[in-house]
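For reference, positions follow the sequence shown, starting with 1.
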Amino acid sequence: MRDRGTGDDPPSEVTFHQVIDAVDSFPRPTLAIVQGGAIGGGAGLAAACDSTIVDEHAFFAIPEVRFGTVPDALVHVIIRVIGERNFRRYALSGERIYAHDAQRIGLAQTVVTNGERDRTVDALVDSL
């Protein structure tokens, strides 16, 4: 993001917390499509979206505890999506949340095979 100055202004500093909040409050529908891993900030971005479609082999993780940090930019949105108890489990352990478990706890709405992904995304986008 840039300041709306003369164009010569240096980029303004934007925190990841602000990015998460911007996605979370975006006035149009947002969709996350997860293939592979959504780790730390990626998990937070997916949680901030209105809908999340994940490949059956995808996973999420909140591994910050393993590095001795706190995922403070993600906390508010992930707790809202998966609940405080689930957040505590996954944030304290750093363990992976695989696609079907992510769907069970509300982090993913739809789990698809690779062949279904494009059709599922197209159908959702058409419905919006």
Side-chain angles (χ1 to χ4, degrees):
M1 296 184 161
R2 286 196 163 273
D3 290 326
R4 300 218 187 273
T6 63
D8 295 327
D9 298 330
S12 61
E13 291 190 29
V14 177
T15 66
F16 194 65
H17 195 285
Q18 290 170 313
V19 171
I20 294 284
D21 285 346
V23 171
D24 190 36
S25 63
F26 196 71
R28 294 198 171 94
T30 54
L31 171 62
I33 303 166
V34 179
Q35 301 170 276
I39 301 167
L45 283 172
C49 288
D50 297 312
S51 187
T52 304
I53 297 172
V54 301
D55 178 80
E56 65 186 337
H57 302 291
F59 67 90
F60 297 84
I62 310 166
E64 284 82 352
V65 68
R66 294 182 179 188
F67 307 111
T69 63
V70 176
D72 65 321
L74 320 174
V75 172
H76 68 291
V77 71
I78 293 183
I79 285 177
R80 188 181 73 230
V81 170
I82 70 173
E84 186 175 338
R85 188 169 185 148
N86 283 318
F87 178 79
R88 285 182 183 186
R89 172 186 172 175
Y90 293 112
L92 291 173
S93 70
E95 72 184 279
R96 289 182 175 185
I97 310 165
Y98 291 98
H100 291 287
D101 286 332
Q103 184 179 35
R104 180 181 52 77
I105 65 173
L107 192 52
Q109 283 76 40
T110 308
V111 177
V112 296
T113 64
N114 203 21
E116 300 172 320
R117 185 188 60 246
D118 290 342
R119 275 193 312 276
T120 303
V121 170
D122 289 345
L124 179 59
V125 169
D126 286 345
S127 73
L128 298 173

Side chain to side chain contact (heavy atoms under 4.5 Å, CB included) with [X]: which residues, sequence neighbours excluded?
X: S25; result: none
X: S93; result: E95
X: D72; result: V70

Find the distance between [atom1] ([X]) and [atom2] ([Y]) and round it off to the nearest 0.5 Å.
X: F67; Y: E64; atom1: CZ; atom2: CD; answer: 8.0 Å
X: I53; Y: T120; atom1: CD1; atom2: OG1; answer: 6.0 Å
X: I79; Y: R88; atom1: CD1; atom2: CZ; answer: 8.0 Å
X: I82; Y: L107; atom1: CD1; atom2: CG; answer: 6.0 Å

For G106 and V81 the tightest heavy-atom approach is O-CG1, 3.1 Å
Find out if a path of hydrophobic residues (ILVMFWY) with successive side-chain heavy-atom gaps under 4.5 Å connects [X] to [Y].
X: V75; Y: V65; result: no
X: V14; Y: I20; result: yes
X: Y98; Y: V112; result: no
X: V23; Y: L128; result: no

Listed partners of [X] passing side-chain hydrogen bond (donor to acceptor under 3.5 Å, both in side chains), at least two apart:
X: D24; answer: R80
X: H100; answer: none
X: R96; answer: none
X: S127; answer: none

With a cut-off of 3.5 Å and sequence neighbours excluded, list every side-chain donor-acceptor pair involving residues 27-47.
unit_1 : atom_1 : unit_2 : atom_2 : d
T30    : OG1    : D50    : N      : 2.9
T30    : OG1    : D50    : OD2    : 3.3

Do Y90 and I78 come within less than 4.5 Å of each other through their side chains, counting heavy atoms only?
-> no
Quick one: do L74 and F16 satisfy side-chain contact (heavy atoms from CB on, under 4.5 Å)? Show the steps, please.
-> CA-CA 9 Å; L74 320 174; F16 194 65; 3.7 Å; yes
Please output the side-chain donor-acceptor pairs of residues 55-62 that fall under 3.5 Å, not counting sequence neighbours, one pair per line with the distance.
unit_1 : atom_1 : unit_2 : atom_2 : d
D55    : OD2    : H57    : N      : 2.9

Could you note down all residue pairs passing salt bridge (charged side-chain N to carboxylate O under 4.0 Å, His left out) where residues 99-113 supplies at least one of them, sequence neighbours left out?
-> D101-R104
Partners meeting salt bridge (charged side-chain N to carboxylate O under 4.0 Å, His left out) with E116 (sequence neighbours left out) = none
Using the side-chain hydrogen bond (donor to acceptor under 3.5 Å, both in side chains) rule, collect all pairs that involve residues 14-23, keeping only residues at least two apart or in two chains.
-> T15-Q18, H17-D21, D21-H76
